[in-house]
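What you see below is based on every heavy atom in this structure, not just the backbone, and it leaves out hydrogens, waters and symmetry mates. Numbering of ligands and ligand atoms starts at 1, following listing order.
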Amino acid sequence: MRRYESWGRFPRATHAAIIPVTWRSESPPFADLDTSVLPFAYGRSYGDSCLNDGGALLDVAPLKRFIAFDHVNGTLRCEAGVTLAEILDLVVPRGWFPPVVPGTKWVSVGGAIANDIHGKNHHVAGTFGCHVTCFELLRSSGERVLCSPEENAGLFQATIGGLGLTGLILWAEIRLKQIPGASIFMERIRFGGLEEFLELSASDTDHEYTVAWVDCLARRRRLGRGLFMRGDHAQPRRPTALRPATTPSRLSVPFDLPSALLNPLTVSAFNMVYYWRQLRAKTRKLVPYDPFFFPLDGIHDWNRLYGRPGFLQYQCVVPDEGARGPIRTILERISRAREASFLAVLKRFGSVPSPGLLSFPRPGITLALDVRYRGAPTLRLLDDLDEVVRAAGGAVYPAKDARMSADSFRRYFPAWETFAAYVDPQFSSSFWRRVQAA
Ligand SMILES: Cc1cc2nc3c(=O)[nH]c(=O)nc-3n(C[C@H](O)[C@H](O)[C@H](O)COP(=O)(O)OP(=O)(O)OC[C@H]3O[C@@H](n4cnc5c(N)ncnc54)[C@H](O)[C@@H]3O)c2cc1C
């Protein structure tokens, strides 16, 4: 059954109507609605930016058609509800790859644009929006606007990273990346702390994809220890090497687990085992692209591990210069609060400019971690982290947020006023109302 909730399942929302959008030639009945609307694809956003409590959702999942694929030059035009999983199945056998993929392939092209998502190759490729050549936007007035860097450029920049607030993206065209094979040559390096991570991430430029898992319950000397992964598309060893690497997942979490199951003891135990999973300091191997890019997709509905109350993800970025201090402080606070999850990620963002007015990625170190929702103490802890990020001149990612204040939002995204002028008068979201509150 289709669920209209976000990935963290916090906060909950009640929607006045769900309106399926099936044909790109037709318009939803905007004029007949007395509520605001928001596009909704697959709810892989963690917080409330994909929710519209009290309003209507435009369900774009039926917009699933490919329109054109130029497999000589590597451009793909498709409807906005097509997932990256479907694109991979189509383009990998022909030697192409999406230009940017996040940690799950179950996201739509519309969602990837609206959050201007980033991947493990941000330091060389920038965000997803950097590779969008054009899209068609339907406004609630019924107007259809073709947007590209040259045509309606203001609306183009507002819609990339625009959180679904500027209108409904019907279809988009993206530039793909040519690959020699469906495998990734991967190196995994154990590091003992934050300093070592910073040194390793300086080698980013030699590899197309880099990311690190970090044990955020480790303390003192071990603070910030983890595993650094780097990889590159590999040359094929045999002619069949361009097959998609999809292996059907057999694991799933069938119901909400008791939330007490994830406690500092169980998470510490998991982290210890994960950290020592490789006894050698460095391993190298050829792996299929699926487990390299989307390790969590192997377990369906893993968000249920956090139980009924749900969880929040906190992703921040702090500028490169002086990043060490704030990242250390955040890790210390998380570790001291004994709150953190087993899913924590560190990465260096590069300097390719993000095209969206509200795009989150900017040069610096980004840290993402899950926190079980335990009410006021959880919110207090995250407010505390916001203070560190604000003081460092950083930002928090709206796609993963469910609680940042209006004041923080305005500091993180100074172009918000320019952006607000492009918001469609009938479009809104739970996130947008919160960060617009006086
Ligand atoms: C396991 C996991 C790993 C992740 N890893 C990363 C990562 O590495 N990097 C990263 O950047 N993100 C990451 N994310 C977040 C995810 O990539 C984004 O939230 C993505 O935008 C979700 O896409 P979706 O199709 O599910 O859209 P939804 O979550 O349904 O919607 C997202 C936003 O897009 C808007 N939208 C959707 N369709 C349209 C449309 N047709 N027209 C206009 N607006 C639209 C919605 O209104 C909403 O504001 C991860 C999420 C998960 C669950």
Side-chain angles (χ1 to χ4, degrees), residues 2-9 21 24 28 36-52 55-64 78-86 98 100-122 126-129 135-139 147 155 158-172 209 211 293-303 311 313 315 317 343 345 347 349 354 356 358-361 366 368 370 397-401 423-424 427-432:
R2 198 144 154 70
R3 291 193 289 252
Y4 297 93
E5 57 186 22
S6 65
W7 193 245
R9 303 166 80 207
V21 184
R24 63 179 187 275
S36 64
V37 297
L38 182 75
F40 182 95
Y42 300 101
R44 256 52 179 195
S45 302
Y46 281 77
D48 58 359
S49 65
C50 63
L51 303 176
N52 190 18
L57 291 181
L58 303 175
D59 182 351
V60 301
L63 284 180
K64 269 212 161 302
C78 64
E79 290 183 341
V82 171
T83 61
L84 295 187
E86 289 155 340
V100 168
V101 293
T104 171
K105 62 185 175 182
W106 300 114
V107 305
S108 66
V109 167
I113 295 174
N115 278 325
D116 198 15
I117 61 166
H118 55 272
K120 296 177 177 60
N121 59 350
H122 182 273
T127 62
F128 192 86
F135 53 78
E136 187 182 9
L137 192 71
L138 176 65
R139 304 273 288 178
C147 299
L155 202 47
T159 302
I160 293 182
L163 304 169
L165 296 164
T166 60
L168 177 67
I169 303 165
L170 295 168
W171 58 263
Y209 301 103
V211 73
F293 289 109
F294 318 115
L296 290 170
D297 286 350
I299 307 172
H300 281 308
D301 293 334
W302 62 260
N303 52 348
F311 68 104
Q313 179 154 108
Q315 181 167 2
V317 56
L343 303 169
V345 165
K347 156 134 195 87
F349 279 153
S354 299
L358 289 194
S359 293
F360 161 72
T366 184
D370 293 347
Y397 192 9
K400 305 201 171 166
D401 179 71
V423 172
D424 185 293
F427 281 54
S428 186
S429 68
S430 300
F431 173 89
W432 186 238

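Taken to the nearest 0.5 Å, the CZ atom of F294 stands 7.0 Å off from the CG atom of L84. Interatomic distance, S428 OG to L163 CG, rounded to the nearest 0.5 Å: 11.0 Å. Distance CD/E136 to CD1/I169: 11.0 Å, rounded to 0.5 Å.
Closest protein heavy atom to atom 14 (N) of ligand 1: K400 CE, 3.9 Å. Looking at atom 5 (N) of ligand 1, its nearest protein heavy atom turns out to be G103 N, 3.0 Å. The protein non-hydrogen atom at the shortest distance from atom 29 (O) of ligand 1 is S45 OG, 2.7 Å. Remark: minimum distance from atom 12 (N) of ligand 1 to any protein heavy atom is reached at Y397 OH, 3.8 Å. Atom 53 (C) of ligand 1 has as its closest protein heavy atom W7 CD1, 3.4 Å. The single protein non-hydrogen atom nearest to atom 39 (C) of ligand 1 is P39 CB, 3.6 Å, given as residue, atom name and distance. For atom 35 (C) of ligand 1, the nearest protein heavy atom (residue, atom name, distance) is A114 CB, 3.4 Å. Looking from atom 28 (P) of ligand 1 to the surrounding protein, the closest heavy atom is G43 N, 3.7 Å.
For N115, every heavy-atom contact with ligand 1 shorter than 4.0 Å involves the side chain, none the backbone. The proximity of S49 to ligand 1, defined as any non-hydrogen pair under 4.0 Å, is limited to the backbone. Heavy atoms of Y42 found under 4.0 angstrom from ligand 1 belong to the backbone as well as the side chain. With a 4.0 Å cut-off on non-hydrogen atoms, I169 touches ligand 1 through its backbone as well as its side chain.
Residues S45 and N115 have side chains that bring a donor and an acceptor to within less than 3.5 angstrom of each other. In this structure, a donor-acceptor pair under 3.5 Å is present between the side chains of T166 and T159. D116 and S359 form a side-chain donor-acceptor contact under 3.5 Å, judged by distance and modelled atom types alone.
Side-chain atoms of S108 do not come within 3.5 Å of backbone N or O of G81 as any donor-acceptor pair. Without hydrogens or angle criteria, D424 side chain to G167 main chain gives no donor-acceptor distance under 3.5 Å. Within the 3.5 Å criterion, the main-chain N or O of W106 finds a donor-acceptor partner in the side chain of T104.
Ring geometry for F360 against F349 counts as perpendicular: the plane angle is over 60°, on a 0 to 90° scale with 30° as the lower cut.
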>> Run the side-chain contact (heavy atoms from CB on, under 4.5 Å) test on R44 and T83 for me, step by step, so that the C-alpha distance in whole Å, both residues' side-chain angles and the decisive distance to 0.1 Å come before the verdict.
In response: CA-CA 11 Å; R44 256 52 179 195; T83 61; over 6 Å; no
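Between R44 and ligand 1, an N or O atom pair is found at a separation short of 3.5 Å. For the pair H118 and ligand 1, the shortest N or O to N or O distance falls below 3.5 Å. Between A41 and ligand 1, a contact under 3.5 Å exists for at least one N or O pair. Checked against a 3.5 angstrom limit, the closest N/O atoms of L163 and ligand 1 fall inside it. Remark: ligand 1 and P102 share no N or O pair separated by less than 3.5 Å (distance only, no angle test).
Aromatic pair Y397/Y46: centroids not less than 6.0 angstrom apart.
Which parts of ligand 1 touch G111 is read off a 4.0 Å heavy-atom cut-off, strictly below it: atoms 21 (O), 23 (O), 25 (O), 27 (O), 34 (O), 37 (C), 38 (N). Taking every heavy atom of G164 and a limit of under 4.0 angstrom, the matching atoms of ligand 1 come to 35 (C), 44 (N), 47 (O), 49 (O). Near A80, meaning under 4.0 Å from one of its heavy atoms, ligand 1 places the atoms 41 (N). Close approach of ligand 1 to W302 is summarised as follows: ligand atoms under 4.0 Å from at least one heavy atom of the residue are 1 (C). Every atom of ligand 1 with a heavy atom of G167 under 4.0 Å away is listed here by number and element: 43 (C).
Minimum interatomic distance between V100 and G126 (heavy atoms only, all atoms of both residues): CG2-O, 3.6 Å.
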